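Input: a single structure, listed below in structure tokens.
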Amino acid sequence: MRKFIGYFKDFHKEYFNVKLYLIILFFIGALITINYSFNIESGFIKPIKNIPLSFSLYFLYQGFAFYGVLFIIYLFDRSKITFSKQFWIKSLLGFSILAIDRSATYNFACLFIEYCSSETLRFYFKILINFASWISIFGLLLIVKFFFDKNDGNGIYGLRFKHVSFKAYFILLLIMVPLVYIASFIPEFIDYYPVYKRTGGNSFANYYNIPEFVSKVTFELFYITDFLNTELFFRGFLIIGLSKLIGKNAVLAMAATYCVLHFGKPIGETISSVFGGYILGILALYSRNIWGGVFVHGGIALLMEIFAFRYL
């Protein structure tokens, strides 16, 4: 933990500016307010089945937060940031990958569910959506890594075991346990979690004549392992992959677009994602490793599922 504290001291000593942070928090707050007031993602973007249109909207939706923060930083102090040609090419490719993941995974799953029975359709659909990210995020980032960062020595954007302290991350996860437990009593939380309840796991288990426990474990394994792809993109690509081009500015920009990823979830979770993303972003920036983030992020998600199971 002492090393982690050192990371935060070093980051804020040279970078923190109260006025800049307040402006960016206001910008993120405006994005949250507009989305939850008009239900933009769930009401307007998600229902679109046209892939090119859906791709374009998700690209603009996520990219606006990221580039918006960088533009604010540029206006605040132009000496803080330089936009190179490589940055534009690499970052635009990255957000294209994110837009593909968010727009095409639904249609990917639809290709297969027509072969499923009505009792198993929802369960297989949820599993396939999680599986698709291994192609749309992990697979495509491997290609970007090969062309842009083949020799950077950080593994696949921090997906390496060097310089990772699981003990310190375990302490972070322990700190989150009582907070997640308290959150599990909030009506919004109860309404949304566990995610498993929207899979039709009981019908799946009955159809195959297996204990529902098997359905729960199977879904949760797919659900939790998908957080590796989330960390790979947000803390791996956006921080480790882009920080060498835009420096520490990547952290605030990533935290903003990571917040947008949570739109549609309980608003308390969306707000906390800004701070969680910011913390994990700083740790990834200095450690050049994302395994700790995978452990914490996946652990919190699993805790949320476990605490919410008592309402089923």
Side-chain angles (χ1 to χ4, degrees), residues 4-35 40 57-99 141 144 148-149 152 154 157-158 230-263 270-290 293:
F4 282 11
I5 293 171
Y7 290 162
F8 286 100
K9 283 183 178 179
D10 183 72
F11 182 87
H12 294 101
K13 179 178 65 177
E14 300 177 1
Y15 191 82
F16 182 76
N17 182 288
V18 174
K19 187 176 180 181
L20 174 63
Y21 272 59
L22 287 176
I23 294 171
I24 291 175
L25 281 176
F26 178 81
F27 173 71
I28 296 173
L31 294 180
I32 294 173
T33 301
I34 291 170
N35 180 78
I40 293 175
L57 291 175
Y58 273 119
F59 181 90
L60 294 171
Y61 191 58
Q62 295 278 173
F64 181 78
F66 185 81
Y67 295 113
V69 167
L70 294 182
F71 184 64
I72 290 171
I73 294 170
Y74 178 75
L75 292 179
F76 186 83
D77 184 355
R78 297 190 179 189
S79 66
K80 272 184 174 289
I81 188 168
T82 301
F83 299 113
S84 65
K85 181 180 178 180
Q86 187 181 19
F87 163 75
W88 287 113
I89 294 173
K90 191 174 176 181
S91 64
L92 290 172
L93 275 174
F95 278 97
S96 295
I97 289 172
L98 184 59
L141 281 181
V144 174
F148 288 92
D149 303 292
D152 71 351
N154 292 314
Y157 295 121
T230 302
E231 289 299 312
L232 182 63
F233 184 84
F234 286 91
R235 258 63 73 179
F237 176 75
L238 293 185
I239 298 296
I240 298 172
L242 295 182
S243 61
K244 64 181 182 181
L245 300 174
I246 56 173
K248 295 178 179 179
N249 302 297
V251 174
L252 288 172
M254 178 278 297
T257 199
Y258 182 60
C259 171
V260 173
L261 181 74
H262 288 74
F263 286 175
T270 300
I271 293 171
S272 65
S273 72
V274 179
F275 303 98
Y278 180 76
I279 291 170
L280 292 177
I282 293 175
L283 296 180
L285 178 71
Y286 283 91
S287 68
R288 317 307 283 180
N289 192 293
I290 67 167

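Worth saying up front: this structure is predicted, and the values here are computed from it rather than measured.
- Taking a 6.0 Å sphere around CZ of F76, one finds it holds more than 12 heavy atoms contributed by other residues, nucleotides or ligands.
- The salt bridge (charged side-chain N to carboxylate O under 4.0 Å, His left out) contacts involving residues 276-287 comprise nothing, where partners must be two or more places apart or lie in separate chains.
- Every residue two or more places apart in sequence or in another chain that forms a side chain to side chain contact (heavy atoms under 4.5 Å, CB included) with I72 is listed here: L20, I23, I24, F27.
- For residues 71-83, the set of pairs meeting the salt bridge (charged side-chain N to carboxylate O under 4.0 Å, His left out) definition, not counting sequence neighbours, is empty.
- Applying the side-chain hydrogen bond (donor to acceptor under 3.5 Å, both in side chains) rule to S243 yields the partners R288; only residues at least two apart in sequence or on another chain are considered.
- One finds the CG atom of L285 at 9.0 Å from the CG atom of D10 (value rounded to the nearest 0.5 Å).
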Go through F233 and L141 one step at a time and tell me if the side-chain contact (heavy atoms from CB on, under 4.5 Å) criterion holds.
CA-CA 8 Å; F233 184 84; L141 281 181; 4.2 Å; yes
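- Y258 places a side-chain heavy atom less than 4.5 Å from the side chain of T230.
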Would L98 and F237 count as a side-chain contact (heavy atoms from CB on, under 4.5 Å) if you check the C-alpha gap in whole Å, the side-chain angles of each, and the deciding distance to 0.1 Å?
CA-CA 11 Å; L98 184 59; F237 176 75; over 6 Å; no
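- The side-chain hydrogen bond (donor to acceptor under 3.5 Å, both in side chains) check on S272 picks up nothing, with sequence neighbours excluded.
- Applying the side-chain hydrogen bond (donor to acceptor under 3.5 Å, both in side chains) test to pairs two or more places apart or on separate chains, those with a residue in residues 19-34 are Y21-Y278.
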Evaluation steps, side-chain contact (heavy atoms from CB on, under 4.5 Å), between F263 and L31
CA-CA 10 Å; F263 286 175; L31 294 180; 4.2 Å; yes
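- Side-chain atoms of Y15 and N249 include a donor-acceptor pair closer than 3.5 Å.
- With sequence neighbours excluded, the residues that form a side chain to side chain contact (heavy atoms under 4.5 Å, CB included) with S96 are F55, F59.
- Sorted by first and then second residue, the pairs that involve residues 61-71 and meet side-chain hydrogen bond (donor to acceptor under 3.5 Å, both in side chains), not counting sequence neighbours, are N35-Y61, E41-Y61, Q62-R102, Q62-T257, Y67-S91.
- Environment of OH in Y74: sparse, with no more than 12 heavy atoms of neighbouring residues, nucleotides or ligands closer than 6.0 Å.
- L93 pairs by the side chain to side chain contact (heavy atoms under 4.5 Å, CB included) definition with I89, F148, not counting sequence neighbours.
- Environment of OH in Y286: crowded, with over 12 heavy atoms of neighbouring residues, nucleotides or ligands closer than 6.0 Å.
- Checked against side chain to side chain contact (heavy atoms under 4.5 Å, CB included), A256 has the following partners two or more places apart in sequence or in another chain: I28, A65, V69.
- Judged as a side-chain hydrogen bond (donor to acceptor under 3.5 Å, both in side chains), and not counting sequence neighbours, N17 has no contacts.
- With rounding to the nearest 0.5 Å, the separation of CG in L70 from CD1 in I246 is 4.5 Å.
- Residues forming a side-chain hydrogen bond (donor to acceptor under 3.5 Å, both in side chains) with S84 (at least two apart in sequence, or on another chain): none.
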